[in-house]
Amino acid sequence: LDGFTFENGTMSCWMLLRLHSGDLRRSLLPLSCSLSLRALSSGAISRSLRESYRILQLPDDGASDAAEVKEAYLHMAKLYHPDSGAPTADAALFSQIEEAYRAVLAHLTRQKAASQYTQSMEEEEEDKIKSNAPQHRHYLSFEGIGSGTPSQRERQYRQFRMEKAAADEGAMVTRDARLRSKQIKITQAVERLVEDLIQESMARGDFQNLSGTGKPLNKFDHNPYMDPMTHNLNRILIDNGYQPEWIVAQKEIRETIAKMRMRLQEVRARLGEPMRHSETLQWKEHCTAFADELEKLNKKVDNFNLIVPLMSRQMVHYSLKRELEKILKTDQLLRQEREKEKKQKEQMETARTSQNTRQGLITWMQNLLK
């Protein structure tokens, strides 16, 4: 093998297979491949390849990369290409430059492939070494934590990692709470300072000479916290009477439940207290109809919750039991107020009658004495 000459940096593994036969061929195959790959990866350059580098005006040590080779080729092409129009144009010389460029690129490609293959072979050897290592060596990676048998050291190491993770998490929570508390204190201090400055200015009368003092505030035409484009779009929609779908749905739900409550409240007000048997049956019929309407209204509430953009604006279902209790309670309060007003009127009427009677008696007595 020492007598072999590697043309262009290497001899093909298949050429070695043809030179040798039998067991010798099988034994020489890995060695010859490794030698050829090492020759390529080590940067060994033949005489003809060195000449190609010299033609491209590059260092002949093979240290140039593909970008530098391409840049040198383009520079030489501008000088010696027959169609370049340069005074140094030479077709024969440019053909040599082109052949040298192709030879150098082929060498770089083989060298790159050889380095990748060598790296993969080294990684496979490392994996084999790791897989063939004694099993007890796997227990030596516990960062020096624990003592005893390998299983005991493994349990102690896991416990150490859990405690360390819990400590780190606790430290992060404490640090976040401290930062949040600090921000709150700073915000409160700034707000107190601003409020104190405003109060001092008001006490000195700094705000008395402002234009518009004592007059109502004008409607704000611009929101300083909104970009002008959004403000103009909202103004155009409002001026044309546009309302978002969820606002219209919310208004419709509120108006519908108010009308339903008013109708049932009027029905209860027409019935007596306490209700007779016929009135009780009539009240139950109206409650059944109210329940059906309330079920339809709750479906509208579900549709509203699907389109509303904010979670805080979502609505809950209306409860039949709660609505009936509210209506009955309101009816009792109204009846009590009416009874109270009736009693007050009767008392006022009685007092007026007694006063008129007393005044008439006094007048009769005065006339009698005369």
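All values below come from the heavy atoms of this structure, side chains included, with hydrogens, waters and symmetry mates left out. Owing to the predicted nature of the structure, the values given are computational and were not obtained by experimental measurement.
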Do the side chains of D196 and R192 get close enough for a salt bridge, i.e. N-O under 4.0 angstrom?
no
Report the C-alpha distance between D292 and K296 in whole Å, list the side-chain angles of each, state the deciding distance to 0.1 Å, and finish with yes or no for salt bridge (Lys or Arg N to Asp or Glu O under 4.0 Å).
CA-CA 7 Å; D292 296 337; K296 296 178 182 179; over 6 Å; no
Could R352 and E349 be called an ion pair, given the rule that one side-chain N must be under 4.0 Å from one carboxylate O?
yes
A quick test of your reading: do over 12 heavy atoms of other residues, nucleotides or ligands sit less than 6.0 Å from CD of E346?
yes
Could E154 and R158 be called an ion pair, given the rule that one side-chain N must be under 4.0 Å from one carboxylate O?
yes
Do the side chain of T88 and the main chain of L79 share a donor and acceptor less than 3.5 angstrom apart?
yes
Sidechain N-carboxylate O distance under 4.0 Å for E51, R54:
yes
Test item: side-chain donor near acceptor, Q332 and Q336, under 3.5 Å
no
Closest non-hydrogen contact found for A89 with H81 is CB-O, 3.4 Å
State, with a plain yes or no, whether a side-chain heavy atom of T280 is found less than 4.5 Å away from one of K284.
yes
CD of E245: more than 12 outside heavy atoms within 6.0 angstrom?
no
Does atom CD (E295) have a neighbourhood of more than 12 heavy atoms from anything else shown, all under 6.0 Å?
no
Report, as yes or no, whether the 6.0 Å neighbourhood of atom CZ on R50 holds more than 12 heavy atoms from other residues, nucleotides or ligands.
yes
Strictly below 4.0 Å, N to O, side chains only: are E98 and R102 in salt-bridge contact?
yes
For the backbone of R178 and the side chain of S181, can you confirm whether one donor and one acceptor N or O come within less than 3.5 Å of each other?
no
Is it the case that more than 12 heavy atoms not belonging to R204 sit under 6.0 Å from its CZ atom?
yes
Whether the side chain of N298 engages the backbone of L294 through a donor-acceptor N/O pair (distance < 3.5 Å, no angle test) should be reported.
yes
Please report the shortest heavy-atom distance between L49 and A103, naming the atom on each side.
CD1-O, 3.9 Å
Contact check, side chains of L197 and E200, non-hydrogen atoms, under 4.5 Å:
yes
Which label fits Y101 and Y73: parallel for a plane angle under 30°, tilted from 30 to 60°, or perpendicular past 60°?
parallel
Counting heavy atoms not belonging to Q116, are there more than 12 under 6.0 Å from its CD?
yes
Answer yes or no: is there a side-chain heavy-atom contact under 4.5 Å between K300 and M315?
no
Please confirm whether the backbone N or O of G272 pairs with a side-chain atom of E279, one donor and one acceptor, at under 3.5 Å?
yes
Quick one: does Y318's side chain get under 4.5 Å of I253's, heavy atoms only?
yes
Do Q355 and Q359 meet the criterion of a side-chain donor-acceptor pair at a distance under 3.5 Å?
no
More than 12 foreign heavy atoms under 6.0 Å from NE2 of H317: is that the case here?
yes
Any donor-acceptor N or O pair under 3.5 Å, side chains R161, Y157:
yes
Looking only at heavy atoms, what is the nearest atom pair of R313 and F304, with distance?
O-CE2, 3.3 Å
Using every non-hydrogen atom in the two residues, find where A72 and L58 come nearest and quote the distance to one decimal.
CB-CD2, 3.9 Å
